[in-house]
Structures are given as C-alpha cells and as structure tokens.
Amino acid sequence: MTLEELWQLFPICLTEHQSCWQEWYSEEEKLLKRTLSSNERISHIGSTAIPSIWAKPIVDILVEIPKERNLLEYKVPIINNGYICMSKSENGLSFNKGYTEKGFAERVFHLHLRYAGNNNELYFRDYLIEHPDTAREYEKLKLKLWKKYEYNRDGYTNAKTEFVKQYTAKARALYENRY
C-alpha cells in the first residue's frame, strides 16, 4: 500500500475531547507496566491528554527508559501487546495499535519509546493544560489545518511544528527540570 493509500484509509479526523481517552490511556498504561520492567516512566501525551481541546482520537503514550538500557529490549514485549513497530532510530522506536485493514479500530494508540529525558511532549502538554488560552490557540490552528491536510499526516504535523516548538521552549524555560 502506498503512503497516499494509507492516508486515505487513515485520514486526519478531529473530535471534541472525549472523557474515555483518559480511561483508555490508564488501561493501556496498566498493560504496559505489567509487560515492561518497572523502571520506566509512562505518560499520556498529545492532544488527548489536554482536556479542553479537540484532538485526533488517537491516544499518544510516551515510554521513557533508562539511558543504560537498549531500546530493542522493549520491542518484542511491546509488539506482543498488539503494537506494530512503525519506525526506529538510535533515539527511539515508534509503535501503532488500532490500525486495521478497514481503517481505525475503536481504540487507537501511538506509543513512543525513548530514553529518559527525551520528553519535550510532557512540557508542551503541561504548558497547554496550565495555559488554556494557548491551548485554544493550538486547537484553532489544528482545526484550520484539518481539512487542508486531511489526507496528508506529514503536512499536518509539519504545519504545527513551529507552534509546538515555540511553546515547548517556553515550557522548558518555565518548568526547567520538571522531569
């Protein structure tokens, strides 16, 4: 399947915040904690973690591991929990769950496996939760981009990058070494 065909099958879709997203995250977190060794930090990130804004109904999870561990040690246990490894680099692995041959399942997850400290998403999340005006600004940007990039995930992500970088930098300055 080409990238364009995948984007047709799995378009960008935004919806009002759903209270079930936190419940889905909590259930998935419990599953991951049972599966992975006990020294990781597992966090709900992305727009589904921000109660006040529209989001793609995909729960993003960040799993941080100690720097002395090998990322690949975690690959098989994560795959054994229904995830598909989508990409890998020396700094992390990305996994998806809930993508079917017919489109999205009811519950969809993106799992980001990284070394501890590679966690800008936590700062951005916290900043938006603690600054509702900025969260609404982000939501407006996402809603504006939605239809333009409905079938182009890379374009959608790239169009949000400057906003995310700007407020992540503010959050890191404000919160310093929170994590």
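Using a 4.5 Å heavy-atom cutoff, the side chains of Thr35 and Ile78 are not in contact. Counting heavy atoms from C-beta outward, Ile129 and Pro51 have side chains that approach closer than 4.5 Å. Glu23 places none of its side-chain heavy atoms less than 4.5 Å from the side chain of Ser26. Annotation: side chain of Glu121 is in contact with side chain of Arg114 (closest heavy-atom distance under 4.5 Å). The side-chain heavy atoms of Val59 and Val108, taken from C-beta on, include no pair separated by under 4.5 Å. Side chains of Ser52 and His17 form no contact here, defined as non-hydrogen atoms less than 4.5 Å apart. A heavy-atom distance below 4.5 Å is not found between the side chains of Tyr156 and Lys148.
To the nearest 0.5 Å, the span separating CH2 on Trp7 from CG on Asp154 amounts to 4.0 Å. Atoms CZ and CG, from Arg41 and Leu62 in turn, are 8.0 Å apart once rounded to the nearest 0.5 Å. Atoms OG and CG, on Ser94 and Leu113 in that order, are 8.5 Å from each other to the nearest 0.5 Å. Distance CG/Asp133 to CZ/Arg136: 4.5 Å, rounded to 0.5 Å. With rounding to the nearest 0.5 angstrom, the CG atom of Asn96 is 4.5 Å from the CE atom of Met86. In this structure, Leu111 CG and Leu32 CG are separated by 5.5 Å, a value rounded to the nearest 0.5 Å.
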Where do Lys56 and Ser47 land on the side-chain hydrogen bond (donor to acceptor under 3.5 Å, both in side chains) test, with the steps shown first? CA-CA 7 Å; Lys56 293 189 307 286; Ser47 294; over 6 Å; no

Go through the steps to decide whether Tyr167 and Glu137 satisfy the test side chain to side chain contact (heavy atoms under 4.5 Å, CB included), and finish with yes or no. CA-CA 11 Å; Tyr167 286 100; Glu137 190 180 336; 3.8 Å; yes

Tyr74 and Leu36: CA distance, side-chain angles, deciding distance, side chain to side chain contact (heavy atoms under 4.5 Å, CB included) verdict: CA-CA 7 Å; Tyr74 295 80; Leu36 306 175; 3.8 Å; yes

Applying side chain to side chain contact (heavy atoms under 4.5 Å, CB included) to Lys140 and Leu143, what does each step give before you reach the verdict? CA-CA 5 Å; Lys140 282 175 62 177; Leu143 289 169; 5.7 Å; no

Evaluation steps, salt bridge (Lys or Arg N to Asp or Glu O under 4.0 Å), between Lys147 and Glu150: CA-CA 5 Å; Lys147 291 302 176 184; Glu150 184 174 11; 3.7 Å; yes

Show your working on side chain to side chain contact (heavy atoms under 4.5 Å, CB included) between Leu174 and His131 and close with a plain yes or no. CA-CA 12 Å; Leu174 179 65; His131 296 87; 3.8 Å; yes

Thr168 vs Asn120, test: side-chain hydrogen bond (donor to acceptor under 3.5 Å, both in side chains). Steps then yes/no. CA-CA 7 Å; Thr168 298; Asn120 279 340; 5.8 Å; no

side-chain hydrogen bond (donor to acceptor under 3.5 Å, both in side chains) between Asn118 and Glu64, worked out: CA-CA 8 Å; Asn118 186 352; Glu64 294 178 82; over 6 Å; no

What verdict does the side-chain hydrogen bond (donor to acceptor under 3.5 Å, both in side chains) test give for Asp60 and His44, after you've listed the backbone C-alpha separation in whole Å, the side-chain angles of each residue and the deciding distance to 0.1 Å? CA-CA 6 Å; Asp60 283 285; His44 187 184; over 6 Å; no

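Linking Ile, Leu, Val, Met, Phe, Trp and Tyr whenever their side-chain heavy atoms come within less than 4.5 Å leaves Val76 and Val63 in two separate clusters. With hydrophobic clusters built from ILVMFWY side chains whose heavy atoms lie under 4.5 angstrom apart, Phe10 does not share a cluster with Trp146. Under the 4.5 Å side-chain heavy-atom criterion for ILVMFWY residues, a single connected hydrophobic cluster contains both Ile50 and Leu122. Under a hydrophobic-cluster definition in which Ile, Leu, Val, Met, Phe, Trp and Tyr are linked whenever side-chain heavy atoms come within less than 4.5 Å, directly or via other members, Val164 and Leu14 are assigned to the same cluster.
The two residues Cys13 and Pro57 have their closest heavy-atom pair at O-CD, 3.2 Å. The nearest pair of heavy atoms linking Leu31 to Lys97 is CD2-NZ, 3.7 Å. When all heavy atoms of Phe109 and Ile58 are compared, the closest pair comes out as C-CG2, 4.2 Å. For the pair Pro11 and Arg153, the tightest heavy-atom approach, listed with the atom from each and the gap, is O-NH2, 3.6 Å. Scanning all heavy atoms of the two residues, the minimum distance from Arg125 to Tyr179 falls at NH2-OH, 3.0 Å. When every heavy atom of Ala173 is checked against every heavy atom of Glu176, the shortest pair comes out as O-CG, 3.6 Å.
The pair Lys33-Glu29 meets the salt-bridge criterion, since a charged nitrogen lies less than 4.0 angstrom from a carboxylate oxygen.
Remark: the backbone N or O of Ala49 is not paired with any side-chain donor or acceptor of Trp21 at under 3.5 angstrom. Between the side chain of Gln22 and the backbone N or O of Ser19, no donor-acceptor pair lies under 3.5 Å. Counting only distance, with no hydrogens or angles, the side chain of Asn152 and the backbone of Gly155 share a donor-acceptor pair below 3.5 Å. Checked by atom type and distance alone, the side chain of Glu139 pairs as donor or acceptor with a backbone atom of Trp54 at under 3.5 Å.
Checking each of Asn81, Ile79, Ile61 against Phe95 for a side-chain contact (heavy atoms from CB on, under 4.5 Å) leaves exactly one that passes, namely Ile79. Applying the side-chain contact (heavy atoms from CB on, under 4.5 Å) test between Tyr25 and each of Ile45, Thr48, Ile42 identifies Ile42 as the sole match.
Heavy-atom contacts from other residues, nucleotides or ligands closer than 6.0 Å to NZ of Lys160 number more than 12.
Note: His110 and Tyr99 meet the aromatic proximity criterion, with ring centroids under 6.0 Å apart. Aromatic ring centroids of Tyr127 and Tyr123 lie 6.0 Å or more apart.
Inspection of the Tyr175 and Glu130 side chains reveals an N or O donor paired with an N or O acceptor under 3.5 Å. The closest side-chain donor-acceptor pair between Tyr83 and Glu28 falls under 3.5 angstrom.
Under the 30°/60° scheme for interplanar angles, the aromatic rings of Tyr138 and Phe163 are found to lie parallel.
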